[in-house]
Amino acid sequence: MGNQTKFFNFLFLGLSDQPEQEQFLFRLFLGIYFIGTLGNLLTILAIVFDSHLHTPMYFFLSNLSFLDLCFTSTTVPKMLVNYLLGSNAISQPECLAQMYFFVAFGASDSILLSAMAYDRYLAVCHPLHYGMIMTSHLCALLVAVPWVSGHLISMIHTILLAQLSFCTNNKIPHFFCDMNTLIKLSCSDTYINEILVLLLGGMVVLIPFICIVISYTPIVSAILKVSSSQGKWKAFSTCGSHLSVVSLFYGTIISVYFNPANTHTVQKDMVATVMYTVVTPTLNPFIYSLRNDDLKRAFWKLLGLTCFSTRR
């Protein structure tokens, strides 16, 4: 037990150890983070200040944008600061805090996507009863459940991880404090941690993903029965945007956490992780707004370009 210790600092190996590549990555991620932050903030403000968007769908979308903003802010700023200062260290308390918020916001994001799929199912398949079913009380509940569940699950993981000891290896082959990576670095018995990763991970990833697939099966069937080509295209545009986000988000997460260990490589896992932690939250506001005239008009109004909106 003499070689077991609690390191005060972990060291990130990051995405690259080449100075030229690090400079490029700093500029790249700074740009992506700025665009994503701006896009999500504009989405939230446009929905808040436009009374026409005070509907369940946009209520869920504003919460998704806020979650995405929080999700990327748990990892990217620290990575940018490390690149800027030429440091790759993070203290244990900081590491545990980063992991806590990363898991909490990521789990909440996943569950909220399934709530949004249920909302679209009601809107498309039961439009006459939509207003009676999707009440303000139900909307609040469908948003509260992801937030509360995400933080409870993250609290369990963080408390258990804080009890682990680490041996001579304190190097994290990542750009943030990933839970699976920390578990692998520990020289304690991690059986309970690994079991809970699978069980709780299945609850917040696989179950919502299955619920989304179940919700969208009758949606696609209902859309195909629409006689108007314009109505069919509008419905496919709205639902297609959600499915694009879902495919990218869940596909990369499942490839990292639920594939057999012998199929993993550091490079593949790093690319997949960047996709669901940085790229997807950045794309969300643009994917949802590109084919949404109401949201685009709200953007222009927010920016003070009302004359452009009235011409449309």
Side-chain angles (χ1 to χ4, degrees), residues 26-81 101-102 104-106 108-117 119-120 123 134 136 139-140 142-144 146-147 150 234-249 252 274-312:
F26 172 79
R27 296 189 184 96
L28 176 64
F29 280 97
L30 179 62
I32 293 175
Y33 182 66
F34 175 78
I35 293 171
T37 300
L38 182 63
N40 282 305
L41 281 176
L42 285 175
T43 300
I44 294 169
L45 293 174
I47 293 171
V48 169
F49 288 108
D50 193 328
S51 59
H52 296 95
L53 301 183
H54 292 176
T55 62
M57 183 179 80
Y58 293 108
F59 175 66
F60 292 131
L61 180 57
S62 62
N63 276 273
L64 178 67
S65 293
F66 184 66
L67 274 172
D68 285 339
L69 187 60
C70 296
F71 189 47
T72 54
S73 296
T74 61
T75 57
V76 179
K78 176 62 178 176
M79 178 175 61
L80 294 175
V81 169
F101 287 110
F102 177 80
F105 293 134
S108 300
D109 208 328
S110 175
I111 300 172
L112 182 61
L113 284 172
S114 65
M116 294 175 70
D119 172 70
R120 291 300 83 208
M134 192 55 68
S136 57
C139 286
L142 289 175
V143 167
W147 279 94
K234 184 177 180 180
F236 265 124
S237 296
T238 303
C239 298
S241 300
H242 189 200
L243 286 176
S244 299
V245 176
V246 166
S247 300
L248 189 61
F249 183 75
T252 50
V274 170
M275 292 299 293
Y276 79 82
T277 59
V278 183
V279 176
T280 302
T282 301
L283 290 177
N284 275 348
F286 302 101
I287 289 176
Y288 277 100
S289 63
L290 282 177
R291 295 179 178 175
N292 190 313
D293 291 334
D294 292 334
L295 196 53
K296 283 190 286 188
R297 277 192 288 269
F299 282 139
W300 291 121
K301 289 179 182 179
L302 181 66
L303 296 172
L305 301 177
T306 53
C307 59
F308 181 85
S309 297
T310 54
R311 285 202 302 268
R312 289 181 62 87

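In this structure the side chain of Met134 reaches within 4.5 angstrom of the side chain of Leu142, judged on heavy atoms. Looking at Val274 and Thr252, their side chains never come closer than 4.5 Å, going by heavy atoms from C-beta outward. Contact of the Asn284 side chain with the Thr43 side chain is not registered, since no non-hydrogen atoms from C-beta on lie closer than 4.5 Å. Contact check for Tyr276 versus Phe71: side-chain heavy atoms found under the 4.5 Å cut-off. Counting heavy atoms from C-beta outward, Leu67 and Trp147 have side chains that approach closer than 4.5 Å.
For the atom pair CD1 of Ile47 and OG1 of Thr55, the computed distance is 8.0 Å after rounding to the nearest 0.5 Å. Considering CG of Leu53 and OG of Ser62, their distance stands at 10.0 Å, rounded to 0.5 Å. One finds the CG atom of Leu69 at 11.0 Å from the CG atom of Leu64 (value rounded to the nearest 0.5 Å). Annotation: the span from Phe286 atom CZ to Leu42 atom CG amounts to 8.0 Å, rounded to 0.5 Å.
A donor-acceptor pair under 3.5 Å links the side-chain atoms of Thr280 to the main chain of Met275, judged by distance alone. The backbone N or O of Pro281 sits less than 3.5 Å from a side-chain atom of Asn40, completing a donor-acceptor pair. Using a distance-only test at 3.5 Å, with no hydrogens or angles considered, a donor-acceptor pair links the side chain of Ser108 to the main chain of Pro146. Judged purely by atom type and a 3.5 angstrom limit, Asn63 uses its side chain to pair as donor or acceptor with the backbone of Phe59.
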Which atom pairs, one a donor and one an acceptor, fall under 3.5 Å between side chains of residues 26-34 and the rest of the protein, sequence neighbours left out?
from	atom 1	to	atom 2	distance (Å)
Tyr33	OH	Ser73	OG	2.8

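Scored by the ring-ring contact (aromatic ring centres under 6.0 Å, His included) test, Phe249 finds no partners at all (sequence neighbours excluded).
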Review point. Can you check side chain to side chain contact (heavy atoms under 4.5 Å, CB included) on Thr74 and Thr277, steps first, answer last?
Key: CA-CA 10 Å; Thr74 61; Thr277 59; over 6 Å; no

**Study point:** Steps toward side chain to side chain contact (heavy atoms under 4.5 Å, CB included) verdict (Asp50, Tyr58)
**Key:** CA-CA 10 Å; Asp50 193 328; Tyr58 293 108; over 6 Å; no

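Shown here is His54, whose NE2 atom has more than 12 heavy atoms of other residues, nucleotides or ligands within 6.0 Å.
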